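Since the structure is predicted, the reported quantities are computational estimates derived from the model, not experimental observations. Protein chains get the first letters and strands the later ones, always in sequence-line order, with residue 1 at the start of each.
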2 protein chains.
Amino acid sequence: MGETTRRAETRYGNRPTMKDVAARAGVGLKTVSRVVNGEPGVTADTERRVQEAIDALNFRRNDSARVLRKGRTASIGLVLEDLADPFYGPLSRAVEEVARAHGALLINGSSAEEPEREQELALALCARRVDGLLVIPAGDDHRYLEPEMRAGVATVFVDRPAGRIDADAVLSDSFGGARDGVAHLVAQGHRRIGFIGDQPRIHTAAERLRGYRAAMEDAGIPIEDAWMSLGLTDPERVRRAAEEMLSGPDAVTAVFAGNNRVTVTVVRVLSGLAERGRSVALVGFDDFELADLLQPGVTVVAQDAAQLGRTAAERLFSRLDGLSLDPERIELPTRLITRGSGEIPPAF
Amino acid sequence: MGETTRRAETRYGNRPTMKDVAARAGVGLKTVSRVVNGEPGVTADTERRVQEAIDALNFRRNDSARVLRKGRTASIGLVLEDLADPFYGPLSRAVEEVARAHGALLINGSSAEEPEREQELALALCARRVDGLLVIPAGDDHRYLEPEMRAGVATVFVDRPAGRIDADAVLSDSFGGARDGVAHLVAQGHRRIGFIGDQPRIHTAAERLRGYRAAMEDAGIPIEDAWMSLGLTDPERVRRAAEEMLSGPDAVTAVFAGNNRVTVTVVRVLSGLAERGRSVALVGFDDFELADLLQPGVTVVAQDAAQLGRTAAERLFSRLDGLSLDPERIELPTRLITRGSGEIPPAF
DNA sequence: TACGGCCTGGACAACGTTGTCAGATGCAGG
DNA sequence: CCTGCATCTGACAACGTTGTCCAGGCCGTA
């Protein structure tokens, strides 16, 4: 019994319920509900009495119970890779704004790029009965979400397409962006152009690599294996890869970096070289803050993370609003921003 | 009736409940509950039958109902200013990791620095019965949270203290950091040192200003009004303020920037001056990515956003674990990182 | 005055889960 | 064969809210 009592004391810290409010105001339970929800059918006088009781008791409606009853949580989930990554902050914020406009809260979680964690998180959000789910895939098999989607959880994938299921996806045009970026280097006269990217099992990485190949092929330049580094992107490894392709007689004269972490690492390597009087051209995929303040400014293929999030969220809410849509892939264009590093001519 | 039917169809998309699982497995409701929660007292055979039914129906426990029954949501809320700001991403991520370690989900929302929105968000989170609340204040009056705290919502304020109530706060040592940063400039020989900061109604801004004043006083340097700009921090205004204090015969020879948005803007102004051969020293409060890559590298007083979040979250969970603690203010130290811009000597 | 219709308010069930408790079952020992 | 005990199982209430539905009071009108 002590147990029971203790529990009763700590449950929500013993907050007042509508029943308590009703008792204090001397009205029925449902009348309180009506006042709280602004429903019609309550006289001004009754409403005043109820409102007084609410204020006196500091009553706040328990949304858990409400959710249980109504079957809608007015919340959506966002599974991303790492909120600390500057790419995801603005994306998440954009999603939040759209959610807010639709009266929903956003719950986001980081998968740390681990497929198991992505799944664990996505399913936990489903257990909470989020109305919809935005997923930035870490894994490449999303069949585990099929039952959830069939059961009515609206789902939109962002930044990368879903694996092995047919679903909405909102993506940046990685292929086109990379092709344009590399073509820009070609246009400056470069022929030996390096590519440093993530593992091709990641869709965006594969697409960017494809863009690189396409641009080189368009220019009639055969690619040498030594010019490409496709793998883990921890700074040390990228640094070594960059130094390798930048040394020897057949060193590249320009580098295309596959994502912004890579870009930053390459910038460090190149600024070391610059001190020794050697300048190498660089175009990076994805913009980053202060890219324009560096010397030289870094030319990038920019994608709009916020727009990505906004578009995906709008799509999600279209589904939630009852629109029945076929799964679709939406690709947003990228934009080449020239700032100097990409306009360095080849040094022979 | 059509209405009712429609509703029944869309409620959670008609997901199976424990009752359905029980019916299919030919067992009682409670037995399913036991299996789902791994409670003892179920024979292997029964458990297998239940598990099969669960898999066949794709059952997933409805956490809303669970929450209602148990009185704990296993989620905490974080109200911050803007998730798109690179300061908050790592902070939020750190909080998430701590929450995860305690089996809780994190719901965060952006106040956009509007006090009303902060309140709206915080109370919405309370209505969802989050177990605890982390708040990065936008407003300066948090009495509205008193009833919630009394009702048992553990609350910890982060980055800035709560206004008009007594509560936990985890802060960076803004005063000490700013004093050290300005003292560093004094040590380089500067005497005319400018300060550009946020409105002093913001606690951190006021503390940093106080640190500036203290360092100047320690050095026996009387401050001129023209050296200080305390106000809105939109880039255009900061730019004008910087240009103003950098012109005329009594122009400052060094600038202390009160936060990283200001720092970046000042860097832009100074890089313009540098092209005309004039170099001005700069120390900024708060580190930012690539600060070391700029020319010169930017000397900063760094605070550890992740540590701030981690500390606050740990404190929150200590309270949730039942520790009864007096409200306390925890100050984390800052660290001066010299990179060049702060070591520029005064130009007379 | 009697009647019908409208407005307000409240009783009750339901949402899907978990805690309580008592019943059922099985087994060993007398 | 019956009793006692331990183990397993299920009926039931409760969590706090909202939807449904009906009762009662009031008003205006005939």
Close N or O pairs between protein and nucleotides 11-14 of chain C (under 3.5 Å):
residue	atom	partner	partner atom	Å
C:dA14	N3	A:Arg69	NH1	3.2

Next item on the list: In sequence, state the C-alpha distance, the side-chain angles, and the governing distance for A:Asp82 and A:Ser110, and then conclude on side-chain hydrogen bond (donor to acceptor under 3.5 Å, both in side chains).
Entry: CA-CA 5 Å; A:Asp82 179 5; A:Ser110 302; 4.6 Å; no
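- The aromatic rings of B:Phe157 and B:His142 stand perpendicular to each other, their planes meeting at an angle above 60°, with 30° marking the opposite boundary.
- At a threshold of 4.0 angstrom between heavy atoms, the contacts of B:Val27 are confined to the sugar-phosphate backbone, with no base atom among them.
- In the set D:dT17, C:dT18, D:dC8, D:dC8 carries the atom at the smallest distance from any side-chain atom of B:Thr43.
- Rounded to whole angstrom, the span from the CZ atom of A:Phe59 across to the P atom of D:dG16 amounts to 10 Å.
- If you measure from atom CG of B:Asp45 to atom C1' of D:dC8, you get 12 Å, rounded to the nearest angstrom.
- No hydrogens or angles considered: a donor-acceptor pair under 3.5 Å links the side chains of B:Thr311 and B:Gln307.
- Between the CG atom of A:Asp20 and the P atom of D:dC15 there is a distance of 11 Å, rounded to whole Å.
- The CZ-C1' distance, from A:Arg129 to C:dG16, rounds to 9 Å in whole Å.
- Using modelled atom types, one finds no donor on one side chain facing an acceptor on the other under 3.5 Å when comparing A:Glu96 with A:Ser92.
- Spacing between atom CZ of A:Arg128 and atom P of C:dC15 amounts to 23 Å, rounded to whole angstrom units.
- A donor and an acceptor atom, one from each side chain of A:Arg48 and A:Gln51, are nowhere located under 3.5 Å apart.
- Distance, B:Asp63 CG to C:dT17 P: 9 Å, rounded to whole Å.
- Contacts of A:Gly41 with the nucleic acid, taken as non-hydrogen atoms under 4.0 Å apart, involve only primed sugar atoms and P, OP1 or OP2.
- In plain terms, the two heavy atoms of B:Glu328 and B:Asp168 that are nearest each other are N-OD1, 2.8 Å.
- For the residue pair A:Asn37/A:Arg61, the side-chain donor-acceptor check at 3.5 Å is satisfied.
- For the helix from C:dT1-D:dA30 to C:dG30-D:dC1, the rotation axes defined at the first and last 5 base pairs enclose an angle of 60°, given to the nearest 10°.
- B:Arg49 has a carboxylate O that lies under 4.0 Å from a charged side-chain N of B:Asp45, or vice versa, which qualifies the two as a salt bridge.
- Spacing between atom CE of B:Met18 and atom C1' of D:dG10 amounts to 14 Å, rounded to whole angstrom units.
- Residues of residues 49-58 of chain A that place a heavy atom closer than 4.0 Å to DNA chain D do not occur.
- Taking 4.0 angstrom as the limit, A:Ser33 places none of its side-chain polar atoms (N or O) nearer than this to OP1 or OP2 of D:dG19.
- When the side-chain nitrogen and oxygen atoms of A:Thr46 are compared with OP1 and OP2 of C:dG9, one or more of them lie within a distance under 4.0 Å.
- Contact annotation: A:Asn62 side-chain N/O to D:dC15 OP1/OP2 distance is not under 4.0 Å.
- Between A:Glu39 atom CD and D:dT18 atom P there is a gap of 8 Å when expressed in whole angstrom units.
- Among all heavy-atom pairs drawn from B:Arg319 and B:Ala154, the shortest one is CB-CB, 4.0 Å.
- Contact between the side-chain N/O atoms of B:Thr31 and the OP1/OP2 oxygens of D:dT9 is not found at any separation under 4.0 Å.
- Of all nucleotides listed (C:dG9, C:dT18, D:dT9), C:dG9 comes nearest to the side chain of A:Val42.
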